[in-house]
Structures are given as C-alpha cells and as structure tokens.
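Just so it is clear, the structure is predicted and the values come from calculations on it, not from any experiment.
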Amino acid sequence: QVQLVESGGGLVQTGGSLTLSCAASGSIFSPNTMGWYRQAPGKERELVATTTTGGSTNYADSVKGRFAISRTNARNTVSLQMNSLKPEDTAVYYCNFRPLRTVVTPLDVSWGQGTQVSVSS
C-alpha cells in the first residue's frame with residue numbers, strides 16, 4: 001500500500017494562486033500515475049490533473065492553461081500549481097496514486113486525506 005501526505009491548500013481570493021504538494025511512501029511501483037482529483041459539496045469527485053513517471057500529463061478542460069502539475073520521481077512527490085483561481089475551483093483536493101499497468105484493482109489505488117481549497121469571490 002502507498003501512503004500519501006498532502007500539504008498546501010487554504011483560502012485565496014479570485015485570481016490568486018495556491019500550490020498543493022503530495023509525497024508518496026510505501027510500496028511504490030513504477031511506472032505509475034500520480035495526480036489530483038477534487039470534490040465540491042454535492043458533486044462527484046472529478047479528475048483535475050495527472051502525470052506519469054514518464055512525464056505524460058492530463059488535465060481537466062476546466063483547468064487547462066491555469067493549473068500545472070509536476071512531479072519528482074526520485075522523491076515520489078507531485079505538485080499542483082494553481083493560478084487564476086476561480087470560485088468554482090473551491091473543493092477538497094485529493095492526491096491519488098495508481099500503478100500504470102493494464103489491470104488495476106481498487107486495492108492498488110491510494111488516496112490522500114484531502115486538503116481544502118476555497119476561493120472567495
């Protein structure tokens with residue numbers, strides 16, 4: 001199992017910036033995908049951005065051009081730089097780890113505890 005510890009988050013005004021960080025430890029297999037998901041009140045959890053050990057990235061359309069994901073494979077960390085934040089970005093943000101292989105079971109997927117991001121108008 002992989003443990004994920006998140007940091008960052010908080011309250012910011014519209015147009016502001018925040019950085020989220022996540023460190024993974026435990027049974028970390030490569031290749032893998034690390035990334036961020038978010039869940040707003042009353043809504044389902046949704047993908048924000050992911051990145052693979054090979055450097056491929058994937059972004060939700062709603063954050064393209066505003067958010068940037070990066071990772072350091074040697075330290076098993078991933079960061080999310082969030083710029084031009086909007087009130088609709090308000091949510092609990094969760095770090096995610098999963099192996100990059102054909103078959104992935106729920107036991108293979110790890111989640112962080114979540115960190116609150118609030119954007120005031």
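Scanning all heavy atoms of the two residues, the minimum distance from T115 to G8 falls at OG1-O, 2.9 Å. Contact between L20 and G9 at its shortest, heavy atoms only, is CD2-N, 3.1 Å. Residues A40 and A91 share a closest heavy-atom pair of N-CB, 3.8 Å.
Residues that satisfy the salt bridge (charged side-chain N to carboxylate O under 4.0 Å, His left out) test with K43, not counting sequence neighbours, are absent from this structure. Residues passing the salt bridge (charged side-chain N to carboxylate O under 4.0 Å, His left out) test with R101, sequence neighbours excluded: D108. Under the salt bridge (charged side-chain N to carboxylate O under 4.0 Å, His left out) criterion, E88 pairs with no residue, sequence neighbours left out. A search for side chain to side chain donor-acceptor pair (under 3.5 Å) contacts involving S70 returns nothing, not counting sequence neighbours. Under the rule for a salt bridge (charged side-chain N to carboxylate O under 4.0 Å, His left out), the partners of R66 that lie at least two apart in sequence or sit in another chain are D89.
Follow the hydrophobic side-chain contacts under 4.5 Å out from I69 and you never reach V92; the two are in separate clusters. Criterion: ILVMFWY side-chain heavy atoms under 4.5 Å apart, direct or through other members. Under it, I28 and W36 are part of a common hydrophobic cluster. With hydrophobic clusters built from ILVMFWY side chains whose heavy atoms lie under 4.5 angstrom apart, Y94 does not share a cluster with V78. V109 and L4 are members of different hydrophobic clusters when ILVMFWY side chains are connected at heavy-atom separations under 4.5 Å. Linking ILVMFWY side-chain heavy atoms closer than 4.5 Å, directly or via other members, places V48 and L18 in a single hydrophobic cluster.
Inspection of the Q81 and T19 side chains reveals an N or O donor paired with an N or O acceptor under 3.5 Å. At a cut-off of 3.5 Å, with distance as the only test, a side-chain donor of N32 or R71 sits close to an acceptor on the other residue.
The structure places CD of Q1 at 4.0 Å from OG of S110, a figure rounded to the nearest 0.5 Å. To the nearest 0.5 Å, the span separating OG on S25 from CG on N76 amounts to 8.5 Å. Separating the CG atom in L80 from the CZ atom in F67 is a distance of 6.0 Å, to the nearest 0.5 Å. We find the OG-CD distance between S62 and E46 to be 5.5 Å, quoted to the nearest 0.5 Å.
Aromatic pair Y37/W111: centroids less than 6.0 angstrom apart.
Sorted by first and then second residue, the side chain to side chain donor-acceptor pair (under 3.5 Å) pairs with a member in residues 48-58 form an empty list; sequence neighbours excluded.
A side-chain contact (heavy atoms from CB on, under 4.5 Å) with Y93 is found for one member of Q116, E6, R38 and no other, namely R38.
Between T33 and F97 there is no side-chain heavy-atom pair separated by less than 4.5 Å. Side-chain atoms of M34 and N96, non-hydrogen and from C-beta on, never get closer than 4.5 Å to each other. Contact annotation: the side chain of R98 never approaches that of V2 to less than 4.5 Å [non-hydrogen atoms, C-beta and beyond].
Other residues, nucleotides and ligands contribute more than 12 heavy atoms inside 6.0 Å of the CD atom of Q113.
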